[in-house]
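Contents: one structure, followed by commentary.
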Amino acid sequence: MGSQETDKRRWFITGGCGFIGSNLIESLVADGCPVRVYDNLTVGTREALAAVTPFDEVEADAAWSEGVQLVVGDILECDVLAAAAKDGDVIVHLAACTGVPDSVRDPHFDCRTNVQGTLNALEAARHGSAKRFIFASSGAPAGNVEPPIHEEIVPKPVAPYGASKLAGEAYCSAYAQTFDVETVALRFGNVYGPKSGHKTSVVAKWIGLALEGKPIEIYGDGTATRDFIFTTDLIDAIHKAATAPAENVSGEVFQIATSHETTVGELAELLCTALAEAGIDPPQVRFTEERLGDIKRNYSDTSKAAELLAWKPVTSLQTGLLHVLEPLLYRNASN
Ligand SMILES: NC(=O)c1ccc[n+]([C@@H]2O[C@H](COP(=O)([O-])OP(=O)(O)OC[C@H]3O[C@@H](n4cnc5c(N)ncnc54)[C@H](O)[C@@H]3O)[C@@H](O)[C@H]2O)c1
């Protein structure tokens, strides 16, 4: 990734053992930044982190090192979180209840994790030394609106997940204006990329099923749309959000996606083509019931991020899918 402006600031990453966290940490390690990961290991694992970098597991009140540290803890443990984050410079808050279906099944759990957990992380920033706070939001707060989604749309979340992410954005705004924490809320599109084997999001799930020779399922008739963003583009946006001048970004929300609308049916075709090119039998495609809380159309206008973060995605869906398949094919070939 290489981002000289990130210097050697101390990066504190909640949820750093997960999909996006492990991709982010890989780039920070390449930049030589001190990193502290805070994760309760309910989804992410020590093994996932170890696959990216060597690390030391430490207590929350341990001194920072020049390398990568892991503190095992929950964002709902306010005091532990504050102690662990105390001497960090940049906080990237990724830990969350990440799924629409989970939030529909248990809205209380989703609220505790995404609202109280985000408030706890903001409090850790306020009482510690971190100036910059980056919040992983989503397209979900906007809801079922006419796309492209942009930052000026009045949010109308469909699922509890969208409501809890919207509350997180609201607290970020309040902490920027009342407590002088430089918050930046990034509304990620549908992220795909390496290290996503555990995810149930569409690209990760379909690749897993295809490699097992199983059929893939499309919820609804395949015309639902999403905006698929590759991990390297997303990580670049996080770096830019961490280094942009405060007057451009503090208290702001940014759509971080590609501005391309892709139907789920098109995604299935592109993936089948990529798999066939790679010598793997394309999976059978089945259509099933729509899911409660799913949004029909979703893609973003990213012009605000282009202007204020000087950020633009560069990876096409075709290229990104091939990048995800490459290491898997290598693994398959060597089995
Ligand atoms: N992946 C996407 O497409 C996408 C899209 C939009 C927004 N996001 C947001 O990005 C962030 C990261 O998503 P991801 O895809 O890497 O998810 P992930 O599930 O792979 O990673 C989340 C990590 O957070 C940890 N975690 C969960 N609850 C915790 C808690 N209470 N305390 C401490 N750690 C906890 C998990 O163990 C896991 O390692 C989330 O906030 C998610 O809502 C992701």
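For ligands, and for the atoms within them, numbers begin at 1 and follow the listed sequence.
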Note the single closest protein heavy atom to atom 22 (C) of ligand 1, along with its residue, its atom name and the distance in Å.
-> Gly15 O, 4.2 Å
Have a look at Gly21, Gly99, Gly44, Gly189 and point out the one with the heavy atom closest to atom 5 (C) of ligand 1.
-> Gly189
Closest to atom 7 (C) of ligand 1 by heavy-atom distance, out of Ala121, Ser137, Gly117, is Ser137
Ligand 1 contacted by Tyr161 (non-hydrogen, < 4.0 Å) | yes
What protein heavy atom sits nearest atom 12 (C) of ligand 1, and how far away is it?
-> Leu94 O, 3.5 Å
Is any side-chain heavy atom of Val35 closer than 4.5 Å to a side-chain heavy atom of Ile13?
-> yes
Pull out every atom of ligand 1 sitting under 4.0 Å from any heavy atom of Ser138, numbered as shown with elements.
-> 6 (C), 7 (C)
Quick one: closest heavy-atom pair of Ser65 and Gln69, and the distance?
-> N-NE2, 3.4 Å
So which of Asn120, Val191, Val43 gets nearest to atom 4 (C) of ligand 1, if we judge by its closest heavy atom?
-> Val191
Could you go step by step and tell me if Glu277 and Thr273 meet the side chain to side chain donor-acceptor pair (under 3.5 Å) rule?
-> CA-CA 6 Å; Glu277 275 175 25; Thr273 305; over 6 Å; no
Give a yes-or-no answer on whether the side chains of Thr263 and Thr225 include a donor-acceptor pair shorter than 3.5 Å.
-> no
The atoms of ligand 1 lying under 4.0 Å from a heavy atom of Ala136, numbered in the order shown, are 9 (C), 10 (O), 11 (C), 41 (O)
Here the salt bridge (charged side-chain N to carboxylate O under 4.0 Å, His left out) pairs for residues 96-122, sequence neighbours left out, are Asp102-Arg105
Proximity flag Thr14 to ligand 1, non-hydrogen atoms under 4.0 Å = no
Ligand 1 versus His198: contacting region, heavy-atom distance under 4.0 Å = side chain
Regarding Ser300 and Gln255, is there a side-chain donor-to-acceptor distance under 3.5 Å anywhere?
-> yes
Considering distance alone, does some N or O of Ile75 sit under 3.5 Å from an N or O of ligand 1?
-> yes
Could you tell me whether Phe109 atom CZ has more than 12 heavy atoms of other residues or ligands within 6.0 Å of it?
-> no
Rounded to the nearest 0.5 Å, how far does CD1 of Ile218 lie from OG1 of Thr288?
-> 9.0 Å
If we only count N/O pairs under 3.5 Å, is Asp74 in contact with ligand 1?
-> yes
Any N/O of Ala95 closer than 3.5 Å to an N/O of ligand 1?
-> no
Looking only at non-hydrogen atoms, the one of Val92, Thr45, Asn40 nearest atom 30 (C) of ligand 1 is Asn40
Check whether the ring centres of Tyr192 and Phe230 lie less than 6.0 Å apart, and answer yes or no.
-> yes
May I ask you to identify the nearest protein heavy atom to atom 27 (C) of ligand 1, giving residue, atom name and distance to one decimal place in Å?
-> Ala96 O, 3.6 Å
Please indicate whether any nitrogen or oxygen in Lys199 is less than 3.5 Å from any nitrogen or oxygen in ligand 1.
-> yes
side-chain hydrogen bond (donor to acceptor under 3.5 Å, both in side chains) partner of Ser137, the single match among Glu169, His93, Arg187 | Glu169
Could you please spell out the steps behind the side chain to side chain contact (heavy atoms under 4.5 Å, CB included) verdict for Val249 and Phe254?
-> CA-CA 9 Å; Val249 298; Phe254 294 93; 3.9 Å; yes
Is Lys165 near ligand 1, meaning one of its heavy atoms is under 4.0 Å from it?
-> yes
Walk me through it: do Ser316 and Thr319 pass the test side chain to side chain contact (heavy atoms under 4.5 Å, CB included)?
-> CA-CA 5 Å; Ser316 71; Thr319 306; 2.8 Å; yes
Please identify which atoms of ligand 1 are closer than 4.0 Å to at least one heavy atom of Cys17.
-> 39 (O)
Check if Gly73 has a non-hydrogen atom at a distance under 4.0 Å from any atom of ligand 1.
-> yes
Looking only at protein heavy atoms, what sits closest to atom 8 (N) of ligand 1 is Phe188 CD1, 3.7 Å
Atom 16 (O) of ligand 1 sits nearest the protein heavy atom Ile20 N, 2.8 Å
Is there any N or O on Gly18 that sits under 3.5 Å from an N or O of ligand 1?
-> yes
What's the shortest distance from atom 25 (C) of ligand 1 to any protein heavy atom, and which residue and atom give it?
-> Asp39 OD1, 3.4 Å
Is the closest heavy-atom distance from Leu76 to ligand 1 below 4.0 Å?
-> no
Cation-aromatic face contact Arg126/Phe179, 6.0 Å, 45 degrees = yes
Does CD in Glu59 sit with more than 12 non-hydrogen atoms of other residues, nucleotides or ligands closer than 6.0 Å?
-> no
